[in-house]
Trainee: 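Just dropping this structure here.
As the structure is a prediction and not an experimental result, all values here were calculated from the model. These values consider heavy atoms only, across backbone and side chains, with no hydrogens, waters or symmetry-generated copies. In the text below, chain A, chain B and the rest are named by the order of the sequence lines, each starting its count at 1.
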Number of protein chains: 2
Amino acid sequence: MELESDDVLALDNQICFALYAANRAVTARYRPLLDELGLTYPQYLAMLVLWEREQAGLTTRVSDLGQRLRLDSGTLTPLLKRLSERGLLTRERQSQDERVVTVALTESGRRLRERAQEVPEQLLCGLEIEPERLVALRQELKDMIRILEGAAASSD
Amino acid sequence: MELESDDVLALDNQICFALYAANRAVTARYRPLLDELGLTYPQYLAMLVLWEREQAGLTTRVSDLGQRLRLDSGTLTPLLKRLSERGLLTRERQSQDERVVTVALTESGRRLRERAQEVPEQLLCGLEIEPERLVALRQELKDMIRILEGAAASSD
DNA sequence: GCAATAAATATTGTGCACAATTAAGTTGTG
DNA sequence: CACAACTTAATTGTGCACAATATTTATTGC
């Protein structure tokens, strides 16, 4: 039972704090797993996008990553430089439009995908939570994101 | 191939990404409201704790804030210094135990609470989301946090 | 053709998070 | 008492986020 407080400013009544704390708790769970891959959490997300797009036969620009992850160049440029220094990807300015930088996986970046395959399972293992509950929560969060970003209702 | 990919590494299948994106989307919504108070989002959370504890007649140490927000001194020390420079609170090392720093609201910090009262309502206004859905989501996130932090089942 | 505008990325500066270390103070034990 | 173990906060260093601005290149209007 919740010690009821109608105070709109009570920390426990803030959905924002629940979101903030949950996000950090999940990230903390990921950290040791991603450490083994030599990735930070945002770097892992960027790699997910690159793996996904390469499988779909798509090339990827910095702006594609930005759109997908909702991050700007101020975040992505240094992040991609670090991944590039680790030899996981290349950053190449396009010749036909020199404003554009194309990001491509190296062989090493491609190989990392195999090791990453085990991360999602390892994350959940040991957690007492039903998969369908996670799916429902994920959908609820996606709906919330759509509402927050002011998009119209869609079928996603 | 399939639109609903069951690829465990697909970005849209990651609960972590939904959480990450939702948290940033909410924070972005807060930003203009908190700007008017001269607070960042984590600073706002710290103030919520201080307002709450003062109303309960409790004094607050740095470690109390850390426990409540799950933040360490590396985050809190500079954050509290900034709030102190703005005159919202004082940081004082206790004389009976000089390891401890006590954080106390100033009159200005206390007054800010009135203005903050309107933030939660303003945040939701314009958003097409039912309050009970938010309450359910909040509870689901709290459950998730408890599971992730490995705490035993509690009554909250 | 060329100025004005737009687009794509990079840079700079501020403020978190968090790991690792340090420093100072307190407590428990022989 | 001495001194190790522990507690609390501060410091240092790395890596995001994000606003604001800069830089370079393309496109558009005339």
Trainee: From D/dC18, C/dT26, C/dA19, pick the nucleotide closest to the side chain of A/Thr75?
Mentor: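 Taking heavy atoms from C-beta onward, the closest nucleotide is D/dC18.
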Trainee: So, B/Thr102 and B/Glu92: side-chain donor and acceptor under 3.5 Å apart, yes or no?
Mentor: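 The answer is no; no qualifying pair exists.
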Trainee: For a side chain to side chain contact (heavy atoms under 4.5 Å, CB included) check, start with the C-alpha distance between B/Tyr20 and A/Val26, then their side-chain angles and the critical distance, and finish with the verdict.
Mentor: CA-CA 9 Å; B/Tyr20 168 81; A/Val26 169; over 6 Å; no
Trainee: Using the side-chain heavy atoms of B/Val62, tell me which of these nucleotides is nearest: C/dC18, C/dC16, D/dA9.
Mentor: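 Per side-chain heavy atoms of B/Val62, the pick is D/dA9.
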Trainee: What's the OH-C1' distance between A/Tyr20 and C/dC16, to the nearest Å?
Mentor: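 Taking atom C1' of C/dC16 as the reference, OH of A/Tyr20 is at 8 Å.
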Trainee: When the distance from CG of A/Asp64 to C1' of C/dT9 is rounded to whole Å, what number comes out?
Mentor: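 My rounded result for the distance is 13 Å.
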Trainee: Please say which of B/Glu52, B/Gln117, B/Met47 ends up in a side-chain contact (heavy atoms from CB on, under 4.5 Å) with A/Leu9.
Mentor: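 Among B/Glu52, B/Gln117, B/Met47, the one meeting side-chain contact (heavy atoms from CB on, under 4.5 Å) with A/Leu9 is B/Gln117.
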Trainee: Ignoring hydrogens and angles, state whether a donor on the side chain of A/Thr60 or A/Arg53 is under 3.5 Å from an acceptor on the partner side chain.
Mentor: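 Present: a donor and an acceptor within the cut-off.
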Trainee: If you assign each of B/Gly74 and B/Ser95 to its closest nucleotide in DNA chain C, which residue comes earlier from the 5' end?
Mentor: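 Closest to the 5' end, via its nearest nucleotide, is B/Gly74.
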Trainee: Between C/dT11, D/dC16, C/dA19, spot the one nearest the side chain of A/Pro42, thanks.
Mentor: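 Nearest to the side-chain atoms of A/Pro42, counting from C-beta on, is D/dC16.
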Trainee: Whole-Å distance between D/dA10 P and B/Leu80 CG?
Mentor: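 Nearest whole value for this atom pair: 8 Å.
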Trainee: Is the base of C/dA10 touched by the side chain of A/Ser73 through a donor-acceptor pair closer than 3.5 angstrom?
Mentor: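 Looking at the base of C/dA10, it does pair with a donor or acceptor on the side chain of A/Ser73 (distance under 3.5 Å).
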Trainee: Judged by each residue's nearest nucleotide on DNA chain D, which is more toward the 5′ side, A/Thr40 or B/Thr102?
Mentor: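 Closest to the 5' end, via its nearest nucleotide, is B/Thr102.
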Trainee: To the nearest angstrom, how far is A/Leu69 atom CG from C/dT9 atom P?
Mentor: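 So the CG-P distance, A/Leu69 to C/dT9, works out to 14 Å.
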Trainee: When all nucleic acid strands are considered with a 4.0 Å heavy-atom cut-off, which category describes A/Leu79: base, sugar-phosphate, or nothing?
Mentor: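 Sugar-phosphate contact only.
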Trainee: Do B/Arg99 and D/dT7 have a side chain to base donor-acceptor pair shorter than 3.5 Å?
Mentor: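 In this structure, the two groups form a donor-acceptor pair.
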Trainee: Let me spell it out: for each of B/Val100 and A/Glu98, pick the nucleotide of DNA chain D with the closest heavy atom. Which residue's pick is nearer the 5' end?
Mentor: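 It is B/Val100 whose nearest nucleotide is closer to the 5' end.
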Trainee: Look at all strands and tell whether B/Asp72 reaches a base, only sugar-phosphate, or nothing, counting heavy atoms closer than 4.0 Å.
Mentor: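 The residue B/Asp72 makes base contact.
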Trainee: Measure CD/B/Gln94 against C1'/C/dG25 and give the value in whole Å, please.
Mentor: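 The distance from CD of B/Gln94 to C1' of C/dG25 comes to 13 Å, rounded to the nearest Å.
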Trainee: Rounded to the nearest Å, what distance is computed from the CG atom of residue A/Leu34 to the P atom of nucleotide D/dG15?
Mentor: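 Nearest whole value for this atom pair: 15 Å.
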Trainee: Take the protein atom CZ of A/Arg24 and the nucleotide atom P of D/dA17, then report the distance between them rounded to whole Å.
Mentor: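 After rounding, the gap between these two atoms is 13 Å.
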Trainee: Atom CD of B/Gln67 and atom P of D/dA9: how far apart are they, to the nearest Å?
Mentor: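 Value for this atom pair: 11 Å.
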Trainee: Salt-bridge test for B/Glu36 and B/Arg115: reply yes if a basic N is under 4.0 Å from a carboxylate O, no otherwise.
Mentor: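 Result for this pair is no, no salt bridge flagged.
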Trainee: Of the listed nucleotides (C/dG25, D/dA9, C/dA17), which one gets closest to any side-chain atom of B/Leu71?
Mentor: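 Closest of the options to the side chain of B/Leu71: C/dA17.
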Trainee: Could you please name the option among C/dT9, D/dA9, D/dT11 that lies closest to any side-chain atom of B/Arg61?
Mentor: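 Per side-chain heavy atoms of B/Arg61, the pick is D/dA9.
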